[in-house]
Amino acid sequence: MKAIQKYTEQELVALLKQRDPNAFSYLYDNYAAALNGIVRNFISDDQLADSVLQDSFVKIWNQASTFDSIKGRLFTWMSSIVRNTAIDTLRSKDWKNSRQNVELTDNNSEIAADNALNIDAIGLRKFVGGLRDEYKMVVEMCYFDGFSQSDIAQTTGVPLGTVKTRLRKALLELRSRIKQ
Amino acid sequence: MDIREYIQSGIIESYVLGLADAEEAAELETLRATHPEIEQAIQTFENELEVSSMSHAVPVNPDLKSQLFNQLNLETPGSNYEAVDDPKVHKLESGGKTPFIKYLAAASIILFIISAGLNVYTYSKYKKVVGENRQLALQRDQLYAKNSSIQTRFNELGKNMQLISGPDMIKVALSGVPGKENSQAVVYWSKSNKDVYLIANALPQAPKGKQYQLWALLDGKPIDAGVLGDCNSVCKLKNIPNAQAFAITLENEGGSPTPNLEQLYVMGKI
């Protein structure tokens, strides 16, 4: 048996920037499932979700040198990469015609529940579903579809200030719901 | 700027999730450097997000790690699952030294035991609830029955009330004869159609095999006005065309052709 390795976030970041495979392996073992949970908020198809997760880890490996710990935690940075990869994948032409994938992710909790260890898992999307309509719309468009707030204002005709307020209020509500 | 209000505005959440626009992000990045409470709020939310993602983790296809390492031309190192803080989240995806299947098996056994325990608990709870439900259904039925009998009685009382309060009703109070002073009854006699109603306010319970019988008295002669059956409150008795007084005696069940005067209870003149 190999000696148990444990890194602090600082050590892990430093090693990743030096492209240390052991640190990367540790990162994968510790975070792949949590990041997969995020992927599953966007994509229900098993194969596509696997490929998004794999692509995300490739980016994490390749872009580790650009990570700036002043701007936030490693997990936050990785979550952003995962979210952007998921959105890009859904937008790419192969998947443009299967927008129902996004809708299907409502089944997230079922997928997770199939997996005995995640009986209680509830996807972020389930929480979003409980928001009032105008909040749900901005979160769907902004977080899940990756539109900027000004894009949303332009597309929907809702003033930018209102979009911003709704998004912030929606996120606050989501946060408190998830915490409960 | 009110910093507390700013922190609670939702900008922190929007920024950390990568949803803030460039202008919002730039403002926050400037402010976080000079306001430790903003920095603190950002870190708190980031931490919360990480914890929540860990608890909503979805186990990964165990082949994915080697695929990834192959793609990056990295040698797949041993798994670091031993270093995992939260075994609940990570055991399933570890593809290293201990075969995945062992963890799956262990997890299945644990889950099976928990599930068995839960089944026993749920079953006993189910039994209890079924019992309670039956009890409640019974009580409900009893209440329904009670309610409908009260309803009937109420309607009857209402009808009787209307009957005896009619303007052509003569009220005859029958009071206890000597030795039966506690007995009392009231006869209502319709002037127009000569119907007779009786309210036995206070007559002792008739003994088994006996019934009270009402008599109308005309010129000293008793006329059978009927026996008191099981009527509630107001009893309708025989039609009596003419009378000067009424009296009640206790007779054998079914009534007698002539009154047994030794068993006279109450009497009243019109």
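Computation of the quantities below employed the complete heavy-atom set of this structure, encompassing side-chain atoms and omitting hydrogens, waters and symmetry-equivalent molecules.
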| message | Nearest 0.5 Å, please: how far is OG in A/Ser56 from CG in B/Leu68? | response | 10.0 Å

| field | Proximity breakdown for A/Phe24 and chain B, heavy-atom pairs closer than 4.5 Å | value | both

| request: Please list, in residue-number order, every residue in residues 157-167 of chain A that has a heavy atom less than 4.5 Å from any heavy atom of chain B; write 'none' if there are none. | output: A/Lys164, A/Leu167

| If you count heavy-atom pairs under 4.5 Å between each of A/Ser80, A/Cys142, A/Ala49 and chain B, which one has the most? | A/Cys142

| task | I would like to know whether A/Asn36 and B/Leu64 meet side-chain contact (heavy atoms from CB on, under 4.5 Å); could you show each step before the answer? | result | CA-CA 11 Å; A/Asn36 194 32; B/Leu64 199 65; over 6 Å; no

| Residue part contacting chain A, namely of B/Asn47, when any heavy atom lies under 4.5 Å | both

| query | With a 4.5 Å limit on heavy-atom distance, are the side chains of B/Leu74 and A/Trp61 in contact? | reply | yes

| field | Engaged part of A/Ile70 at the chain B interface, taking heavy atoms whose separation is under 4.5 Å | value | backbone

| query | Between A/Arg83 and chain B, which part of the residue has a heavy atom less than 4.5 Å away: side chain, backbone, both or neither? | reply | side chain

| query | When you look at CD of B/Glu132, are more than 12 heavy atoms from neighbouring residues, nucleotides or ligands closer to it than 6.0 Å? | reply | yes

| task | With rounding to the nearest 0.5 Å, note down the distance linking CD in A/Gln54 to CG in B/Asp63. | result | 10.5 Å

| Side chain, backbone, both or neither: which part of B/Phe45 has a non-hydrogen atom closer than 4.5 Å to chain A? | both

| task | Report the option among B/Val16, B/Asp21, B/Leu72 that has the most heavy-atom pairs separated by less than 4.5 Å from atoms of chain A. | result | B/Leu72

| remark: Turns out that what part of B/Glu50 lies under 4.5 Å from chain A's heavy atoms comes down to both

| query | Which atoms of B/Ser52 come close to chain A, meaning under 4.5 Å heavy atom to heavy atom: side chain ones, backbone ones, both, or neither? | reply | side chain

| request: State whether the number of non-hydrogen atoms from other residues, nucleotides or ligands found under 6.0 Å of A/Asn84 atom CG is greater than 12. | output: yes

| When you look at NZ of A/Lys169, are more than 12 heavy atoms from neighbouring residues, nucleotides or ligands closer to it than 6.0 Å? | no

| Any chance CZ of B/Arg134 has more than 12 other-residue heavy atoms, nucleotides or ligands included, within less than 6.0 Å? | no

| request: Provide the closest heavy-atom pair for A/Ala34 versus B/Met54 in the form atom of the first, atom of the second, distance. | output: CB-SD, 3.7 Å

| message | Tell me whether the count of non-hydrogen atoms from other residues, nucleotides or ligands lying under 6.0 Å of CD in B/Gln139 goes above 12. | response | yes

| field | Options A/Leu171, A/Leu53, A/Ile38, A/Asn62, ranked by heavy-atom pairs under 4.5 Å with chain B, top entry | value | A/Leu171

| task | Output, in order, the C-alpha distance, side-chain angles, deciding distance and verdict of side-chain contact (heavy atoms from CB on, under 4.5 Å) for A/Arg73 and B/Gln43. | result | CA-CA 8 Å; A/Arg73 298 185 58 157; B/Gln43 284 181 18; 5.7 Å; no

| field | Derivation and outcome, side-chain contact (heavy atoms from CB on, under 4.5 Å), residues A/Ser25 and B/Phe69 | value | CA-CA 9 Å; A/Ser25 171; B/Phe69 277 66; 3.9 Å; yes

| Hey, what do you get for CE (A/Met141) to CG (B/Leu19), rounding to the nearest 0.5 Å? | 13.0 Å

| said: Looking at A/Arg177, I'd like to know if its CZ atom is crowded, meaning that more than 12 non-hydrogen atoms belonging to other residues, nucleotides or ligands lie closer than 6.0 Å. | reply: yes

| field | Inter-residue atom distance B/Gln67.CD - A/Asp50.CG, 0.5 Å rounding | value | 7.5 Å

| task | Answer yes or no: are there more than 12 heavy-atom neighbours, outside A/Lys17 itself, under 6.0 Å from its atom NZ? | result | yes

| query | If you tally heavy-atom pairs under 4.5 Å against chain B, which of A/Ser150, A/Gly72, A/Ser148 wins? | reply | A/Gly72

| Where does B/Leu49 contact chain A at under 4.5 Å (heavy atoms): side chain, backbone, both or neither? | backbone

| Which atoms of A/Gln149 approach chain B - backbone, side chain, both or neither, heavy atom under 4.5 Å | side chain

| note | Applying a strict 4.5 Å limit to non-hydrogen atoms, the region of B/Glu46 in contact with chain A is both

| Which atoms of B/Glu24 approach chain A - backbone, side chain, both or neither, heavy atom under 4.5 Å | side chain

| After noting the C-alpha distance and the side-chain angles of A/Arg175 and B/Glu13, does the key distance pass the salt bridge (Lys or Arg N to Asp or Glu O under 4.0 Å) rule? | CA-CA 8 Å; A/Arg175 182 181 181 180; B/Glu13 290 79 3; 2.6 Å; yes

